[in-house]
Amino acid sequence: MLPHQLQSALADLDALGLRRRRRLLDGAQGARVWVDGRAFLSFSSNDYLGLAGHPAIAEAASRAAGEVGVGAGAAHLLTGHHRLHHELEQALAAFVGMPAALLFSTGYMANLGVIQSLIDRHGEVFEDRLNHASLVDAALLSRAKLIRFPHLDLATLERQLAASTAKVKLIATDTVFSMDGDLAPVAGLLALADKYDAWLYLDDAHGFGVLGKEGRGALGNLPLATRHPRLIYLATLGKAAGVSGAFVAGSAELIEWLVNKARAYIYTTAQPPLLAAAVSASLELIAHETWRRERLGELITRLKAGVAGLPWGLMASDTPIQPLLVGDQHAALALAEGLRQRGILIPAIRPPTVPQGAARLRISLSAAHAPDDVDALLSALHALADTHD
Ligand SMILES: *Cc1c(COP(=O)(O)O)cnc(C)c1O
């Protein structure tokens with residue numbers, strides 16, 4: 001792309017219905033937001049537990065700012081590794097039942113750092129076709145051969161693993177697929193990883209805080225005996241946890257290796273320690289306020305019951321990610337715009353984020369929503385369906 005080509009390339013995106021624009025948020029994230037100068041009911045954040053604007057978390061952050069300031073000042077391997085980071089790592093490892101954990105500044109960086117440090121161009125990475133872009137980018141950056149298998153298709157994955165001659169193999173998957181809301185078959189994947197001596201890398205960005213009674217995430221249902229050293233767990237802290245950052249959990253040796261080799265860990269400034277204090281406060285709320293997950297369950301049931309009779313259907317999902325499949329990207333944009341005019345904000349997800357012809361509205365529910373909010377969404381959808389031919 002040359003500078004003079006940008007204008008027509010952007011116009012092409014417009015014509016295809018693929019131009020992306022940022023909306024301007026004022027105030028706090030929540031069920032109701034001020035966006036582009038107007039109040040909206042929002043179903044468009046990943047703040048599944050309604051913690052992003054929680055006063056106890058803000059209070060923990062500002063208390064820490066008062067005590068230790070804001071900037072971390074250096075990378076973790078220099079003098080940036082604060083006691084607040086260190087204690088949080090221990091708490092997170094214990095919470096997900098793994099031997100050790102390591103904080104990263106973002107989930108994107110964690111994925112780049114982990115995969116690149118474990119595998120090189122002689123290795124092979126096996127990924128579900130619907131994995132998050134950061135897992136795909138991580139495999140590309142590692143220069144390993146990237147082999148993708150059809151969504152959730154363990155039989156194809158097994159054939160691919162059996163055919164592989166690579167010494168180092170790594171299977172990577174979202175646990176909760178970010179644009180579909182469905183779940184990876186974690187136990188089956190672990191069995192294949194054992195059988196073919198591969199790493200299993202689980203990206204639980206949308207499961208941590210949400211799955212399981214206490215929000216311990218995708219590992220919550222696995223027996224402890226399966227916490228084999230080949231298992232690598234990633235969760236992000238900017239979604240259900242309502243803060244920022246990510247952590248990787250695994251064996252003590254794995255974490256030690258990442259400290260030494262993960263470039264996305266080493267060559268970047270540590271996150272402000274006040275964020276670690278904020279996540280620690282969030283972890284208390286995640287573990288103890290089970291009503292947030294119960295509320296989510298009720299909202300999911302209510303939404304599913306209410307969409308009957310609409311020309312668009314919900315995709316199969318039992319998580320707070322409830323995509324309404326529209327198909328055509330222009331139609332998805334028009335539906336999102338109709339909702340926006342009725343004061344409701346839901347993003348239209350279009351290719352290349354999702355496959356061609358599978359554009360959708362990604363409805364994301366939050367414990368911050370009241371049942372009435374779901375009802376308001378449902379009446380707006382039914383009203384729009386009546387004007388739809
Ligand atoms: C959001 C997301 C990431 C990236 O995490 P950030 O902390 O936002 O960089 C990684 N993987 C999945 C599946 C995600 O949804």
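Note: His81 and His85 have parallel aromatic rings, judged against thresholds of 30 and 60 degrees for the angle between ring planes.
No side-chain heavy atom of Val125 sits less than 4.5 Å from a side-chain heavy atom of Lys145. Residues Trp312 and Leu335 are in side-chain contact: their nearest non-hydrogen atoms beyond the backbone lie under 4.5 Å apart. Two residues are said to be in side-chain contact when any heavy atoms from C-beta on lie closer than 4.5 Å; Leu118 and Trp257 meet this criterion. Two residues are said to be in side-chain contact when any heavy atoms from C-beta on lie closer than 4.5 Å; Met179 and Pro323 fail this criterion. Residues Val210 and Val176 have side chains not in contact (no heavy-atom distance under 4.5 Å, counting atoms from C-beta outward). Looking only at side-chain heavy atoms (C-beta outward), Pro272 and Leu275 come within less than 4.5 Å of each other. Contact annotation: the side chain of Leu285 approaches that of Ile57 to within less than 4.5 Å [non-hydrogen atoms, C-beta and beyond].
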Kindly determine whether Leu381 and Leu324 satisfy side chain to side chain contact (heavy atoms under 4.5 Å, CB included), including the steps that lead there. CA-CA 10 Å; Leu381 285 170; Leu324 191 71; 3.9 Å; yes
Steps toward side chain to side chain contact (heavy atoms under 4.5 Å, CB included) verdict (Leu365, Phe43): CA-CA 6 Å; Leu365 296 169; Phe43 294 91; 3.9 Å; yes
Evaluate the side chain to side chain contact (heavy atoms under 4.5 Å, CB included) criterion for residues His76 and Tyr265: first the C-alpha distance (whole Å), next the side-chain angles of each, then the deciding distance (0.1 Å), finally the verdict. CA-CA 8 Å; His76 283 278; Tyr265 181 78; 3.1 Å; yes
Test side chain to side chain contact (heavy atoms under 4.5 Å, CB included) on Leu88 and Leu84; report intermediate values, then the result. CA-CA 6 Å; Leu88 175 60; Leu84 288 168; over 6 Å; no
Gln116 vs Ser142, side chain to side chain donor-acceptor pair (under 3.5 Å): CA-CA, chis, key distance, verdict: CA-CA 4 Å; Gln116 194 192 35; Ser142 76; over 6 Å; no
Salt bridge (Lys or Arg N to Asp or Glu O under 4.0 Å) evaluation trace for Arg302 with Glu298: CA-CA 6 Å; Arg302 196 175 189 93; Glu298 290 156 18; over 6 Å; no
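Under a 4.0 Å N-O distance rule, the pair Asp120/Arg143 does not qualify as a salt bridge. Between Glu214 and Arg293 there is no salt bridge, since no side-chain N of the basic residue sits under 4.0 Å from a carboxylate O of the acidic one.
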Please report, to 0.1 Å, the donor-acceptor pairs under 3.5 Å made by any side chain of residues 12-31, with sequence neighbours excluded.
{"unit_1": "Asp14", "atom_1": "OD2", "unit_2": "Arg19", "atom_2": "NH1", "d": "2.9"}
{"unit_1": "Arg20", "atom_1": "NH2", "unit_2": "Thr353", "atom_2": "OG1", "d": "2.8"}

Return all side-chain donor-acceptor pairs below 3.5 angstrom for residues 126-139, not counting sequence neighbours, or 'none' if the list is empty.
{"unit_1": "Glu127", "atom_1": "OE1", "unit_2": "Asn131", "atom_2": "ND2", "d": "3.1"}
{"unit_1": "Asp128", "atom_1": "OD1", "unit_2": "Leu130", "atom_2": "N", "d": "2.8"}
{"unit_1": "Asp128", "atom_1": "OD1", "unit_2": "His151", "atom_2": "ND1", "d": "2.9"}
{"unit_1": "Asp128", "atom_1": "OD2", "unit_2": "His151", "atom_2": "ND1", "d": "3.3"}
{"unit_1": "Asp128", "atom_1": "OD2", "unit_2": "Leu152", "atom_2": "N", "d": "2.7"}
{"unit_1": "Asn131", "atom_1": "OD1", "unit_2": "Asp174", "atom_2": "N", "d": "3.1"}
{"unit_1": "Asn131", "atom_1": "ND2", "unit_2": "Ala172", "atom_2": "O", "d": "2.8"}
{"unit_1": "His132", "atom_1": "ND1", "unit_2": "Ser134", "atom_2": "N", "d": "3.1"}
{"unit_1": "His132", "atom_1": "ND1", "unit_2": "Ser134", "atom_2": "OG", "d": "2.6"}
{"unit_1": "Ser134", "atom_1": "OG", "unit_2": "Asn111", "atom_2": "ND2", "d": "2.9"}
{"unit_1": "Asp137", "atom_1": "OD2", "unit_2": "Tyr108", "atom_2": "OH", "d": "2.5"}

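A pairwise comparison of heavy atoms in Ile171 and Leu157 identifies CG2-CD2, 4.1 Å as the closest pair. Closest approach of Ala166 to His122, counting heavy atoms only: CB-O, 3.7 Å. Ala380 approaches Leu339 most closely through the heavy-atom pair CB-CD2, 3.7 Å. Heavy atoms only, all atoms of each residue included: Ser44 and Ile346 are closest at CB-CA, 4.3 Å. Residues Phe208 and Leu92 approach most closely at CZ-CD2, 4.1 Å, considering heavy atoms. The shortest non-hydrogen separation linking Ala367 to Trp291 is O-CZ3, 4.2 Å.
Remark: side-chain polar atoms of Gln5 are paired, donor with acceptor, to backbone N or O of Leu2 under 3.5 angstrom. Listed for the Asp47 side chain is no donor-acceptor partner under 3.5 Å among the backbone atoms of Gly242. No donor-acceptor pair closer than 3.5 Å links the side chain of Thr173 to the backbone N or O of Thr175. The main-chain N or O of Ala278 is never found under 3.5 Å from a side-chain atom of Ser282 such that the two would form a donor-acceptor pair. Judged purely by atom type and a 3.5 angstrom limit, Asp204 has no side-chain atom pairing as donor or acceptor with the backbone of Ala235. A side-chain donor-acceptor contact under 3.5 Å links Gln160 to the backbone of Arg148. In this structure a side-chain-to-backbone donor-acceptor pair under 3.5 Å is present from Ser280 to Ala276.
Distance check, rounded to the nearest 0.5 Å: CG of Leu333 to CZ of Arg350 gives 4.5 Å. In this structure, CE in Met98 is found 9.5 Å from CZ in Phe247, a value given to the nearest 0.5 Å.
The local environment of CD in Gln7 is sparse, with at most 12 non-hydrogen atoms from other residues, nucleotides or ligands closer than 6.0 Å. When the shell of 6.0 Å around NZ of Lys304 is examined, it contains more than 12 heavy atoms from other residues, nucleotides or ligands. Sparse packing is recorded around CG of Asp318, with 12 or fewer heavy atoms of other residues, nucleotides or ligands lying under 6.0 Å away.
At a cut-off of 3.5 Å, with distance as the only test, a side-chain donor of Tyr48 or Asn46 sits close to an acceptor on the other residue. For the 3.5 Å distance criterion, the side chains of Gln271 and Ser105 fail to qualify, holding no donor opposite an acceptor.
Tracing side-chain contacts under 4.5 Å through hydrophobic residues (I, L, V, M, F, W, Y), one reaches Leu384 starting from Leu303; they form part of the same cluster.
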